[in-house]
Number of protein chains: 2
Amino acid sequence: MEHRIDRIKKQLHAQSYKLTPQREATVRVLLEREEDHLSAEDIYLLVKEKAPEIGLATVYRTLELLSELKIVDKINFGDGVSRYDLRKEGAEHFHHHLVCIECGSVEEIMDDLLGDVEKIVENEWGFKVKDHRLTFHGLCKKCQKAITVEA
Amino acid sequence: MEHRIDRIKKQLHAQSYKLTPQREATVRVLLEREEDHLSAEDIYLLVKEKAPEIGLATVYRTLELLSELKIVDKINFGDGVSRYDLRKEGAEHFHHHLVCIECGSVEEIMDDLLGDVEKIVENEWGFKVKDHRLTFHGLCKKCQKAITVEA
DNA sequence: CTAAATGCAAACCTTTTGCAATTCA
DNA sequence: TGAATTGCAAAAGGTTTGCATTTAG
């Protein structure tokens, strides 16, 4: 944890950005809730517990900055809100998501399943892939069971 | 074209929705601009040319209805706007997109490249896939060339 | 005829921005 | 010190909603 904060601090300083207490608090929330897919508002409320004086605008500005630095990825699952997801260290590509259409849960897949597909896209379409977004919509294990039982 | 309109009319009637002139005009715009990825506002302006009295709210309501009926898919490329994409007839899955990070162009891929990946997700994660969203971000052919030349 | 649909304007939400005051390096 | 950052409140989108009126079936 401290290790990752240090790293991020260095990344910021490298571009002459400052690691303010507000930014640090925001990053800590992101680290603590790595599994979640929090909206800016969610993050704001959590950061407020540690740093009550912070403003929502600062959270937005911090998240934008972290996006630029590729520390977080901004995603959108189709509800009207952007969500922010910490990039795994060293990850070349954005990970994938399984969104349950029944209960709304979001599971992450870290494996890169798209190696072959990207080759096809590059060779057959001449498109140079830099990143991707892949989300599956369907039924998670739990909801599949629930439906089987009730049927 | 008329054939597809008829089909949609039937789909609407099947659920006792009406095919109003406003709805028909909206569908026609969608059919004419099948290749594009129009926002609600874009569609509104285009529909207005044929049916000047239409209101933006009606366009939104129509698009929502068409989404429900799986006639269009609502997508989000990360700019703050929802875009609407006509589903190809008989398509089981949503098609894929190649978004150029240089010029913003959007190309569509109709082939289903995810068959194998879906099998893995179903078998290894126990997740029952119903649909997916796959977008690649990178450089289109044109922009790759442009960059090579200027370098 | 009557449930469904429309147009308009107001309301809503999320996100962004201007600016004076503050703070990190 | 001085450029970067913050908080606040206002503004700016995009989208939704309430309601009186109109219309497709």
Side-chain angles (χ1 to χ4, degrees), chain A residues 5-6 8-27 29 37-69 71-84, chain B residues 5-6 8-27 29 37-69 71-84:
Chain A
I5 300 252
D6 272 355
I8 289 169
K9 187 172 187 171
K10 272 176 201 149
Q11 281 185 72
L12 287 170
H13 287 174
Q15 322 229 10
S16 63
Y17 293 123
K18 300 170 183 173
L19 182 62
T20 63
Q22 292 91 332
R23 285 181 184 166
E24 185 171 335
T26 304
V27 170
V29 164
H37 299 82
L38 305 171
S39 68
E41 182 85 32
D42 295 338
I43 295 167
Y44 169 62
L45 293 173
L46 289 166
V47 174
K48 238 174 143 57
E49 291 174 9
K50 313 180 182 225
E53 71 301 343
I54 200 172
L56 180 55
T58 300
V59 172
Y60 272 104
R61 285 188 280 230
T62 300
L63 291 170
E64 198 198 339
L65 179 60
L66 295 174
S67 278
E68 260 171 47
L69 299 179
I71 293 167
V72 305
D73 285 298
K74 192 174 175 181
I75 30 172
N76 198 300
F77 290 132
D79 53 346
V81 213
S82 292
R83 297 174 181 282
Y84 298 84
Chain B
I5 299 253
D6 271 355
I8 289 170
K9 188 173 187 170
K10 272 177 201 147
Q11 282 185 71
L12 287 170
H13 287 175
Q15 322 229 9
S16 63
Y17 293 123
K18 300 171 183 173
L19 182 63
T20 62
Q22 291 91 332
R23 284 180 183 167
E24 185 172 335
T26 304
V27 170
V29 164
H37 300 81
L38 303 172
S39 67
E41 181 85 31
D42 294 337
I43 295 166
Y44 170 61
L45 292 174
L46 289 166
V47 174
K48 235 173 146 59
E49 293 174 10
K50 313 179 183 228
E53 70 305 339
I54 201 172
L56 181 54
T58 300
V59 172
Y60 271 104
R61 285 187 280 229
T62 300
L63 291 169
E64 197 198 340
L65 178 60
L66 295 174
S67 278
E68 258 171 47
L69 298 180
I71 293 167
V72 305
D73 284 300
K74 192 174 175 180
I75 29 172
N76 198 299
F77 290 133
D79 52 348
V81 211
S82 292
R83 296 174 182 282
Y84 298 84

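In the text below, chain A, chain B and the rest are named by the order of the sequence lines, each starting its count at 1. Computed from a prediction, not measured in an experiment: that's the story for all the values here.
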To the nearest Å, give me how far apart CG (A:Leu38) and P (C:dT15) are.
13 Å
Run the numbers on B:Glu24 and B:Val27 for side-chain contact (heavy atoms from CB on, under 4.5 Å), then give the verdict.
CA-CA 5 Å; B:Glu24 185 172 335; B:Val27 170; 5.7 Å; no
Winner on side-chain proximity to A:Ser82, out of D:dC8, C:dT15, D:dG25, is C:dT15
Please list, by residue number, the residues of residues 16-25 of chain B whose heavy atoms come closer than 4.0 Å to an atom of DNA chain D; answer none if no residue qualifies.
B:Lys18, B:Leu19, B:Pro21
Atom CG of B:Leu63 to atom P of D:dT15: distance rounded to whole Å?
10 Å
What is the distance, rounded to the nearest whole Å, between atom CD of B:Gln15 and atom C1' of D:dG25?
16 Å
Give, for atom CD of B:Glu41 and atom OH of B:Tyr60, the distance between the pair rounded to the nearest 0.5 Å.
7.0 Å
Side-chain N or O of B:Tyr60 less than 4.0 angstrom from OP1 or OP2 on D:dT16?
no
Measure CZ/A:Arg61 against P/C:dT14 and give the value in whole Å, please.
19 Å
Please tell me which of the listed nucleotides, D:dG14, C:dT15, D:dT17, lies nearest to the side chain of A:Leu56?
C:dT15
Closest heavy-atom pair and its distance - A:Val29, A:Lys50
CG2-CE, 3.9 Å
Between A:Leu66 (CG) and D:dT5 (P), how many Å, whole number?
12 Å
I need the A:Thr58 OG1 to A:Leu63 CG distance, nearest 0.5 Å.
10.5 Å
CD of A:Glu53 versus C1' of D:dT5: gap in Å, rounded?
13 Å
When B:Ser39 and A:Tyr44 are each assigned the nearest nucleotide of DNA chain D, the 5'-most assignment goes to A:Tyr44
The reported gap from CD1 in A:Ile71 to CG in A:Leu12 (rounded to nearest 0.5 angstrom) is 5.5 Å
Atom pair CG/CZ of A:Leu65 and A:Arg23 - distance to nearest 0.5 Å
5.0 Å
Nearest of D:dT6, C:dT15, C:dT17 to any side-chain atom of A:Ala57?
C:dT17
Give the rounded distance in Å between these two atoms: CD of B:Glu64 and P of D:dT16.
6 Å
Evaluate B:Asp42 against B:Arg83 for side-chain contact (heavy atoms from CB on, under 4.5 Å), listing each step before the verdict.
CA-CA 9 Å; B:Asp42 294 337; B:Arg83 296 174 182 282; 4.0 Å; yes
Can you measure B:Ile54 atom CD1 to C:dC8 atom C1' for me and round it to whole angstrom units?
13 Å
From the candidates D:dT15, C:dT6, C:dT15, the one with an atom nearest any side-chain atom of B:Val81 is D:dT15
